[in-house]
Amino acid sequence: SQKIEQNSEALNIQEGKTATLTCNYTNYSPAYLQWYRQDPGRGPVFLLLIRENEKEKRKERLKVTFDTTLKQSLFHITASQPADSATYLCALDMNNAGNMLTFGGGTRLMVKP
Amino acid sequence: GAGVSQSPSNKVTEKGKDVELRCDPISGHTALYWYRQSLGQGLEFLIYFQGNSAPDKSGLPSDRFSAERTGGSVSTLTIQRTQQEDSAVYLCASSLGLGGGAGELFFGEGSRLTVL
C-alpha cells in the first residue's frame with residue numbers, strides 16, 4: 001500500500017542551528033510534493049511545492065530536496081528560530097490527478113533559545 | 001472572504017445526534033477538500049470536490065458521513081448519528097483546482113467536534 005512516513009518523534013534543536021526533517025514515501029511516484037506548517041489549534045499553512053524534475057527548492061531560510069530514487073524529501077530550516085517551532089507536514093498527490101492530497105503524520109519541531 | 005471560513009469553530013454534541021459543518025472557500029477556488037484530524041494525529045483525507053462534483057467518496061469513514069457543495073462555493077459536511085469516535089477537528093481547504101495537480105491548499109481553522 002502507499003505510505004507517507006515522517007518521524008513521529010519531536011525534533012529538538014538549539015536556536016541558530018539547521019533543522020532537517022524527513023519525508024519518505026513508498027509504492028508511489030508522485031509528480032510533486034508539498035510541505036506545510038501547522039501550529040497548535042490552527043489549520044496547516046502551505047510552505048513549498050517541489051516537482052519531480054526539481055532536485056532542490058529554496059524560499060528564504062527554507063530548503064526542500066526531492067530524491068525520486070530514494071523516494072525521500074528533506075526539509076531544512078537554516079538559522080532556526082523559536083518562532084519556527086511547529087509541526088511540519090509533507091503531502092503527496094497520491095494519484096497525480098490533483099484530487100487526493102495525502103498528508104504524512106507530521107514532525108513536531110521545537111527550537112530552543 | 002479573504003480566507004477559508006469554517007463554522008462552527010467548536011461543536012459539542014451528544015452521541016446519536018446529527019451535525020452539520022460548513023465550509024466557505026476562497027472566492028474563485030474550484031477545488032474544495034475535507035480532512036479530519038484526530039488529536040495528535042495527521043490529516044485523514046475525506047472527500048474532494050471539483051466544482052459541485054465529488055468524483056471519489058471512498059475516503060468518507062462510513063455511510064453516516066455525507067458532503068455536498070452547491071453553487072461551486074459553500075460545502076457542508078454532515079455526520080448522522082454521531083459516535084464518540086467521530087470526535088476530531090474537521091478541516092476544510094480550497095485551491096484554484098487548475099490542471100497539473102492540487103497546487104497550494106488554503107486551509108480553514110477547522111471545526112472541532114466533540115461527541116459526548
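To find a chain, count down the sequence lines: A is the first, B the second, and so on, and within it residues start at 1. Values reported hereafter were calculated over all heavy atoms of this structure, with side chains retained and with hydrogens, waters and symmetry mates removed.
- Following chains of ILVMFWY side-chain contacts shorter than 4.5 Å, one can reach Val19(B) starting from Ile47(B), so the two form part of one hydrophobic cluster.
- Among all heavy-atom pairs drawn from Leu91(B) and Pro44(A), the shortest one is CD1-CD, 4.1 Å.
- Taken together through direct or relayed side-chain contacts under 4.5 Å among Ile, Leu, Val, Met, Phe, Trp and Tyr, Phe66(A) and Leu62(A) form part of one hydrophobic cluster.
- Residues of residues 102-113 of chain A placed with any heavy atom under 4.5 Å of a heavy atom in chain B are listed by number as Phe103(A), Gly104(A), Gly105(A).
- No part of Phe49(B) comes within reach of chain A, as not one of its non-hydrogen atoms sits under 4.5 angstrom from that chain.
- Looking at Gln38(A), only its side chain comes within 4.5 Å of chain B, counting heavy atoms on both sides.
- Contact check for Tyr48(B) versus Leu101(A): no side-chain heavy atoms found under the 4.5 Å cut-off.
- The number of heavy atoms from other shown groups lying within 6.0 Å of CD (Glu9(A)) does not exceed 12.
- Under a 3.5 Å cut-off, the side chain of Glu109(B) and the backbone N or O of Gly43(A) do form a donor-acceptor pair.
- For Gln6(B), no part lies under 4.5 angstrom from a heavy atom of chain A.
- Using a 4.5 Å heavy-atom cutoff, the side chains of Val45(A) and Phe106(B) are not in contact.
- Around the CD atom of Glu60(A), the shell of radius 6.0 Å holds no more than 12 heavy atoms that belong to other residues, nucleotides or ligands.
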